[in-house]
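Let me begin by presenting the structure, written as structure tokens, before commenting on it.
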There are 2 protein chains.
Amino acid sequence: MHHIPPVRIKDIADFAGVSVGTVDRVLHNRGEVSNRTREKVLGIIHKLNYQPDILASALASKRDNKIAVLIPGGTDENPFWKYPLAGVEEGLREIVHFGISLERYYFNFTDRESFLRQSAKMLSDKPQGVILAPVFTGEAALLLDSCNELKIPVVLINANICSGSCLAFIGQDSLQSGMVAARLMHYGLGDDSDVLVVNFIRENGNQNHIIKREEGFRNYYRDISKTGDSLLRQVNIGETHGNINGIMRKAILSSPRPVKGIFVTNSRVFRVARFLENNNCGNIILIGYDLLDENKHFLKNGTIDFLISQKPREQGYKSIMALYYHLLLKKEVEKNQYLPVDIIARENLQHYSFT
Amino acid sequence: MHHIPPVRIKDIADFAGVSVGTVDRVLHNRGEVSNRTREKVLGIIHKLNYQPDILASALASKRDNKIAVLIPGGTDENPFWKYPLAGVEEGLREIVHFGISLERYYFNFTDRESFLRQSAKMLSDKPQGVILAPVFTGEAALLLDSCNELKIPVVLINANICSGSCLAFIGQDSLQSGMVAARLMHYGLGDDSDVLVVNFIRENGNQNHIIKREEGFRNYYRDISKTGDSLLRQVNIGETHGNINGIMRKAILSSPRPVKGIFVTNSRVFRVARFLENNNCGNIILIGYDLLDENKHFLKNGTIDFLISQKPREQGYKSIMALYYHLLLKKEVEKNQYLPVDIIARENLQHYSFT
DNA sequence: AAATTTTCCGTGTGCGTACACGAAAATACA
DNA sequence: TGTATTTTCGTGTACGCACACGGAAAATTT
């Protein structure tokens with residue numbers, strides 16, 4: 001097994017009987033080359049399967065590839081978004097040598113105006129690539145269109161939007177994750193206990209993944225028996241709603257049979273956990289999403305039975321890597337990158353500390 | 001936020017009033033520098049916090065950093081080991097530009113002689129780093145010692161050995177994984193069903209993680225109640241043992257109460273699944289390890305309830321990255337890198353296809 | 001046919017580092 | 001003091017690529 005000497009620009013030049021300058025002009029198609037020689041050079045590049053040395057390339061070009069992340073700022077109220085960002089930064093460290101820099105644009109995830117402001121600011125900075133959390137569906141779609149016009153590749157993270165075209169979507173298969181939750185619920189409860197599905201919803205937000213999660217959950221129950229679906233109760237709560245005691249109590253009492261399990265379709269499961277603890281609700285199985293610190297707390301003390309992780313850190317990591325592969329290596333990247341649905345119990349929480 | 005111009009060797013040279021050649025000699029301490037100037041240059045390097053440009057470095061020194069992987073060949077009988085290798089190769093693709101190459105040394109995991117042969121061959125090739133699966137405890141420890149003498153960093157993968165010192169251990173927290181299995185078992189069965197623990201064991205192999213898994217499993221059951229441990233039966237089966245029907249039947253029948261769950265402490269859980277299907281054993285919960293194709297099959301059809309993944313692919317990826325960080329970036333790497341304990345059910349199997 | 005423009009292409013330099021070579025300085029020896 | 005030897009250091013080139021500059025050839029105009 002011997003080292004094959006890699007093909008350099010010089011080799012192509014010699015082969016084609018031209019100079020390296022000409023080959024370079026062809027490679028970066030910046031004109032000033034006759035069609036005849038262009039074709040010839042391209043043919044040889046293809047024939048020799050030339051792969052540019054990205055080290056030398058990055059070293060020589062000194063060009064700054066700005067990547068913009070446009071995501072909600074991680075607040076105390078919703079700390080979720082600091083994890084994808086951490087993943088992005090982790091990936092950045094591995095590729096920062098190649099002349100890639102990061103610009104962060106935070107918006108308030110309850111304030112669409114702030115999203116518009118920040119996206120305008122971002123566009124005016126002319127990034128080479130964008131990582132976008134489409135929290136506001138309509139506005140995000142418009143931004144996507146703008147980026148498409150400007151030929152800026154966009155990676156959608158966490159939630160998807162159908163319209164427009166993006167380089168990649170990186171997130172979870174929400175339907176699947178709902179099914180996983182249902183499987184766990186049903187595995188622990190059996191066939192004849194009522195289950196409450198709790199949605200915390202937000203006006204004019206992107207609810208797509210929440211709907212999908214509930215759908216997956218229901219599908220599972222429907223599939224196990226004809227009457228499976230009838231075990232499910234459901235309640236929607238406004239995200240900004242203060243005290244949920246009343247709503248929860250009513251939802252639980254209105255069930256024909258006792259509620260033995262609760263599935264919360266997003267990360268606000270800790271609010272339900274608090275309710276359960278304060279009201280001595282006995283042995284209700286509680287399943288929800290995301291490893292927020294509060295959620296971890298209730299997972300450890302047993303009030304929450306399982307959390308489903310969206311692997312936010314890995315989402316961030318994969319996002320920046322997708323742009324790196326596209327921008328620097330010019331490689332094809334997978335359009336839909338669904339991350340595994342992680343099941344977290346008290347017992348395997350420990351080594352998930354940074355996920 | 002402005003670009004700070006990075007410190008180059010030239011800057012250090014100017015600052016110290018010497019030439020770049022001298023600085024280079026200091027950096028790589030290859031002598032031929034007087035103590036006086038050495039001290040001075042070192043001081044300035046430290047003061048300016050010089051970080052070498054690994055791009056230019058790799059470009060200039062075209063040296064070949066050979067990394068050796070010494071693992072069992074992935075056989076049909078035990079395909080597990082192709083996954084860590086795939087992870088290693090995935091990582092390799094990201095760093096191959098830096099003059100890193102991979103040498104693969106496969107041994108037969110049932111034949112210690114082949115391990116000795118391959119490790120001797122590996123050592124004679126003088127690699128710069130080693131990724132080692134310590135399947136044979138004693139022999140692996142000796143090899144580790146040899147590498148320590150030769151100053152070759154070693155990453156232990158999948159299983160740990162206590163003696164000797166290595167750059168890193170990358171694998172799973174076996175005790176935890178046993179506890180996770182027990183949690184799932186107990187969550188589904190409740191407090192009063194007998195559970196059978198099945199160990200497939202191999203003469204003179206590294207059984208450490210198998211023992212730990214069982215220990216974790218037992219610990220969980222012991223912790224839930226004083227009598228919890230008494231629910232557990234146990235049976236050991238030789239790995240090379242052909243037909244397991246007799247042993248399994250005897251183990252199940254000898255239980256005072258009916259066995260409602262089986263925990264297999266390694267990837268050979270598919271053999272137990274086969275047994276269950278062939279003997280119409282009814283509704284026994286089956287939990288085991290690793291996403292082998294056979295195991296996936298039984299997970300899909302419901303005979304296996306949960307599989308615990310060791311994330312073999314990620315183990316491989318992290319292994320080569322640890323060596324990269326150590327050899328090229330000269331960064332500290334974490335000594336014990338425990339990977340998350342992944343719970344796989346039928347419903348979340350899909351997106352784990354490559355883990 | 002000369003003058004001008006346009007098209008096309010080669011040469012040269014720099015990115016930051018590694019290392020070989022040889023010169024200068026320091027030391028040793030006569 | 002002069003020569004030989006060793007120590008110490010500076011210079012130059014290479015790594016593969018990007019890009020600026022300028023010049024020759026071809027095309028166009030006058």
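It should be emphasised that the depicted structure is a prediction, and the values quoted were computed from it without experimental measurement. Protein chains get the first letters and strands the later ones, always in sequence-line order, with residue 1 at the start of each.
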What pairs with [X] under side-chain contact (heavy atoms from CB on, under 4.5 Å), at least two apart in sequence or on another chain?
{"X": "B/Arg25", "result": "B/Thr22, B/Arg30, B/Glu32, B/Val33"}
{"X": "B/Asn35", "result": "B/Arg38, B/Glu39"}
{"X": "B/Ser119", "result": "B/Leu70, B/Phe115, B/Leu143"}
{"X": "B/Pro153", "result": "B/Leu167, B/Leu323, B/His326, B/Leu327"}

*OH/B/Tyr50: more than 12 non-hydrogen atoms of other groups inside 6.0 Å*: yes
Nearest 0.5 Å, please: how far is [atom2] in [Y] from [atom1] in [X]?
{"X": "A/Cys166", "Y": "A/Asn148", "atom1": "SG", "atom2": "CG", "result": "8.5 Å"}
{"X": "B/Tyr324", "Y": "B/Leu329", "atom1": "OH", "atom2": "CG", "result": "4.5 Å"}
{"X": "A/Leu156", "Y": "A/Ile170", "atom1": "CG", "atom2": "CD1", "result": "9.0 Å"}
{"X": "B/Ile71", "Y": "B/Phe80", "atom1": "CD1", "atom2": "CZ", "result": "9.5 Å"}
{"X": "B/Leu27", "Y": "B/Ser57", "atom1": "CG", "atom2": "OG", "result": "10.0 Å"}

_Annotated protein contacts, base or backbone, on nucleotides 23-28 of chain C with a non-hydrogen cut-off under 4.0 Å, one of B, S, - each_ = ------
_Contacts of B/Gln337 that satisfy side-chain hydrogen bond (donor to acceptor under 3.5 Å, both in side chains) - sequence neighbours left out_ = none
Polar pairs (N or O, both sides) under 3.5 Å between protein and nucleotides 17-21 of chain C?
from, atom 1, to, atom 2, distance (Å)
C/dT17, OP1, B/Tyr50, OH, 2.3
C/dT17, OP1, B/Asp53, N, 3.3
C/dT17, OP2, B/Ile9, N, 2.7
C/dA18, OP1, B/His28, NE2, 2.9
C/dA18, OP1, B/Ser57, OG, 3.2
C/dA18, OP2, B/Asp24, OD1, 3.1
C/dA18, OP2, B/His28, NE2, 3.3

Please tabulate, for the side chains in residues 124-135 of chain A, all donor-acceptor contacts under 3.5 angstrom to protein atoms that are two or more places apart in sequence or on a different chain.
from, atom 1, to, atom 2, distance (Å)
A/Ser124, OG, A/Lys121, O, 2.7
A/Asp125, OD2, A/Tyr105, OH, 2.6
A/Gln128, OE1, A/Lys66, N, 2.9

*Counting only non-hydrogen atoms, which of residues 33-44 of chain A are less than 4.0 Å from DNA chain C?*
A/Val33, A/Ser34, A/Thr37
*Side-chain heavy-atom pair B/Gln310, B/Gln315 within 4.5 angstrom cut-off*: yes
*Mind checking which nucleotides bracket the chain A contacts on DNA chain D, 5' to 3', with an atom under 4.0 Å from a heavy atom?*
D/dG16 to D/dC19
Output a table of donor-acceptor pairs, distance under 3.5 Å, between side-chain atoms of residues 84-97 of chain B and any protein atom two or more places apart or on a different chain; print 'none' if there are none.
from, atom 1, to, atom 2, distance (Å)
B/Glu89, OE2, B/Arg104, NE, 2.9
B/Glu89, OE2, B/Arg104, NH2, 2.9
B/Glu90, OE1, B/Arg313, NE, 2.9
B/Glu90, OE1, B/Arg313, NH2, 3.4
B/Glu94, OE1, B/Tyr317, OH, 3.1

_Which residue in the set B/Ile44, B/Val26, B/Val23 passes side-chain contact (heavy atoms from CB on, under 4.5 Å) when paired with B/Val18?_
B/Val23
*Quick one: on DNA chain D, does A/Leu55 or B/Ser19 contact a more 5' nucleotide (nearest heavy atom)?*
B/Ser19
*Find the bend of the helix from C/dA1-D/dT30 to C/dA30-D/dT1 as the angle between its two terminal axes (five pairs each), to the nearest 10°.*
60°
